[in-house]
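Source: prediction; values computed, not measured. Here is how names work: the chains are called A, B, and so on, in the same order as the sequence lines, proteins then strands, and each is numbered from 1.
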Number of protein chains: 2
Amino acid sequence: MSIKKLAEYLGLSKSTVSRALNGYLDVNKDTREKVLKAAQELGYKANPTAKRLASGKSRTLGIILPSDSNMFVSPAFAKVLVSLSEFLAQQDYQLIVTTIFDWQDETQVYLDLITSGLVDGIFIARTRCNDLRLTLLEKHRFPYVCFGFEEGFSKESFIDVDNQQAFYQLTQRQISLGHTQIAFINASAELTLSQARKEGYLRAMKEAGLVIESDWILHAELKQENALLMTEQLMQSNNPPTSILCADDSMALGAIASCEALGYKPGINIAITGYGDYQHSRYVKPAITTIKYDTSAVGKEMAKLMLNKLENTAFHIQNWHQTEMLVRQSDCHARASKI
Amino acid sequence: MSIKKLAEYLGLSKSTVSRALNGYLDVNKDTREKVLKAAQELGYKANPTAKRLASGKSRTLGIILPSDSNMFVSPAFAKVLVSLSEFLAQQDYQLIVTTIFDWQDETQVYLDLITSGLVDGIFIARTRCNDLRLTLLEKHRFPYVCFGFEEGFSKESFIDVDNQQAFYQLTQRQISLGHTQIAFINASAELTLSQARKEGYLRAMKEAGLVIESDWILHAELKQENALLMTEQLMQSNNPPTSILCADDSMALGAIASCEALGYKPGINIAITGYGDYQHSRYVKPAITTIKYDTSAVGKEMAKLMLNKLENTAFHIQNWHQTEMLVRQSDCHARASKI
DNA sequence: TTGTACGCGTTATCAT
DNA sequence: ATGATAACGCGTACAA
């Protein structure tokens, strides 16, 4: 059932039918109704591919995820993705989720996607400092929206949670619990969120006049195993911390396991915190003190931001999203020594 | 840079260029090389949309996930999805991930996708008994591949793990540990995997000559909260089980929490098992005895199966994938009473 | 081996 | 308000 057939059936021209279907004003009201009715009855559905070719727009957006990372598996990000995709679906937009391999040239993959005509815009998941992907997108003047902020980003192109504030709060809490030796197992250093979090941590430490050991600030990918190893090193050093901030709840779980293996009691004589409020976090023992944010809202805002760029919509955007600290059992007061 | 421009630049016709580019045999070797070289130099990229329109194929596959479920968040399934998408990408296929809302008519959503021309085939994530989606797809003779098996499914259309065997093993193990009162918090009853698992459970119980209480077989969506409530009910009944099989590791975590709240000690005086080997499972306490399977292999096989349908490829397919039992600390010998 | 011409299903421009 | 016609970029019979 093509528009041609529909036009023939109605005794009208393709053009008129097309206009009626697409809500143009210069079409007789009766005609429009007839067309709409016939389309309904005959089950006419415009062919999206043809629409794309003719209009030059694909009504499809892309997001490229590293296949090896656990980003896809990270509960918090998965929720953002679901919410993003949901809102887009409501606006008749598709989301293509592509993965990228280690061995692939990232810039090339992005370039391919940009020039493919497959997508009208691209979402960037975790921005990096001086992100080459953004340079590329800017250069090609290709619409994008990122989840992550760096100095200089335009309000039209980013959504982020206040990572700095989150870790400022978390660190402050540790300090108020009496901790002076606070380690921080941060995410990969190249991520903007890692920088923001580090700033929050440093700010709280400095405000309290605490000594900051550079050995206490570590970076790694968000994997339990990494946190496990790092915690082991930290706790077996000459100067072990009494509190460890982890970059996410998976890492917190690894840190907890590591501490227990070394004879510590997380939540009693060693404080550990996470981030993201993963599903399991409130059920593990000790339940993880963590940070949560409104994942659905973030996803939705990202979609809105993109639509504002692509359509003539003017959704009101909230660039920054606040976080909430969930105090549970994995952190605790500082103790003089092992129990 | 269109094929037209490229042809003009080369002083050839569009058709020749097209043939050279698409590897047809009836084109002069020198010509082909020239074309390929020029395409490379000028950075020519065929417009996928135009290809689609002309060929009638979209080189895109779809998968529809319920937005409210945690399927997207389930680590095991997310891995399947990544692997699926990876393999497809290698074959120059795209994967569109769509979500469906509670309030949407599922059949209509599938029908829309089928008739949209957006995708060449559809993946079905969790098959249900007498699945209406499959009826629809069959009726439209639309290519599909499912993850899940039911009697009558064609070898050309499904991949599954041996759920029956997995729960047979798991139940057998409980029996060998001395348990006679084994409850089973199963996934939703309409899923084929739930039926298969139940059969495995029942087979082991019957072989051992154990009484099967119908009250011990429960069904619920894979959420910690559900397992929490159900475990509470089970353990507070007149005849509490000494072992509880859960449909996944999230549920196991919920069951563990519930038992502990009631004063039991999971892994000591109450046995609990999971399924899926989620990331957290080996780090929680007690570490969850669970079932794992090769998620990457499953995703890849699904992709291969689809390609065999769509292209003239003949990948060798392994329909059934074996599971492996990971014995950890959450299950234990049966005890006479609470400690 | 190469070129011509048409079709794919739309949208958009220009008359009428 | 409506219709004819030309794009959009590619594949592909058919002709040469």
Inset, instruction - Establish whether the base of C:dA12 is bridged to the side chain of A:Ser55 by a donor-acceptor pair shorter than 3.5 Å. - result: no

Inset, instruction - Looking at every strand, decide which applies to B:Asn28 at a 4.0 Å heavy-atom threshold: base, sugar-phosphate, or nothing. - result: sugar-phosphate

Legend entry - Proximal nucleotide (of C:dT10, D:dG3, C:dT2) relative to the B:Thr31 side chain: C:dT2

Inset, instruction - Compare side-chain N and O positions of A:Tyr24 against OP1 and OP2 of D:dA1 and report whether any pair is under 4.0 Å apart. - result: no

Legend entry - Ionic contact status for B:Lys37 with B:Glu33, cut-off 4.0 Å: no

Legend entry - Candidates D:dT2, D:dG11, C:dT10 - which lies nearest the side chain of A:Ala54: C:dT10

Inset, instruction - Using whole Å, report how far CG of A:Leu53 lies from P of D:dA7. - result: 14 Å

Inset, instruction - Please tell me which of the listed nucleotides, C:dT13, C:dG3, C:dT10, lies nearest to the side chain of B:Thr16? - result: C:dG3

Inset, instruction - Would you mind reading off the distance between B:Leu12 atom CG and D:dA16 atom P, rounded to a whole angstrom? - result: 20 Å

Inset, instruction - Assign A:Lys45 to base, sugar-phosphate, or nothing according to its heavy-atom contacts below 4.0 angstrom with the strands shown. - result: sugar-phosphate

Inset, instruction - Could you check how far CD1 of B:Ile3 sits from P of D:dC8, rounded to whole Å? - result: 15 Å

Inset, instruction - Remember a base hit wins even if backbone is also touched, and classify A:Ser15 as base, sugar-phosphate or nothing at under 4.0 Å, heavy atoms. - result: base

Legend entry - Separation of atom CG in A:Asn22 from atom C1' in C:dA12, rounded to whole Å: 11 Å

Legend entry - Atom pair distance, as rounded to whole Å: CD in B:Glu8 and C1' in D:dG9: 13 Å

Inset, instruction - Counting heavy atoms from C-beta on, name the nucleotide in D:dG3, C:dG9, D:dC10 closest to the side chain of A:Asn47. - result: C:dG9

Inset, instruction - Report the distance from atom NZ of B:Lys5 to atom C1' of D:dA7, rounded to the nearest whole Å. - result: 14 Å

Legend entry - N/O (side chain, B:Tyr44) to phosphate O (OP1/OP2, D:dC10) under 4.0 Å: yes

Inset, instruction - With DNA chain C as reference, determine whether B:Arg19 or A:Lys4 sits nearer its 5' end, using the nearest nucleotide of each. - result: B:Arg19

Legend entry - Phosphate OP1/OP2 of D:dG3: any A:Ser13 side-chain N/O under 4.0 Å: yes

Inset, instruction - Indicate, with yes or no, if the rings of B:Phe315 and B:Phe87 have centres closer together than 6.0 Å. - result: yes

Legend entry - Residue A:Asp26, side-chain atoms from C-beta onward, closest of C:dG3, C:dC14, D:dA1: D:dA1

Inset, instruction - Taking only Lys NZ, Arg NE, NH1 and NH2, and the carboxylate oxygens of Asp or Glu, determine whether A:Glu190 and A:Arg126 approach each other closer than 4.0 Å. - result: no

Inset, instruction - Would you mind checking if B:Arg59 and B:Glu311 are paired as a salt bridge, meaning a charged N to carboxylate O distance below 4.0 Å? - result: yes

Legend entry - C:dT11 phosphate, OP1 or OP2, under 4.0 Å from A:Ser18 side-chain N/O: yes

Legend entry - Interatomic distance where NZ belongs to A:Lys51 and P belongs to D:dG9 [whole Å]: 19 Å

Inset, instruction - Considering just the side-chain nitrogens and oxygens of B:Lys14, establish if one lies under 4.0 Å of OP1 or OP2 belonging to C:dG3. - result: no

Inset, instruction - Under 4.0 Å between any heavy atoms, over every strand shown, what does B:Thr49 touch: base, sugar-phosphate, or nothing? Just pick one. - result: nothing

Inset, instruction - Under 4.0 Å between any heavy atoms, over every strand shown, what does B:Arg52 touch: base, sugar-phosphate, or nothing? Just pick one. - result: nothing

Inset, instruction - Name the closest nucleotide to the A:Ala46 side chain, picking from D:dG9, C:dT10, D:dA13. - result: C:dT10

Inset, instruction - Could you check how far CZ of B:Arg59 sits from C1' of D:dG11, rounded to whole Å? - result: 14 Å

Legend entry - From CZ (A:Arg32) to CZ (A:Arg19), nearest 0.5 Å: 10.5 Å

Legend entry - Within-4.5 Å side-chain heavy-atom neighbours: A:His321 and A:Glu301: yes

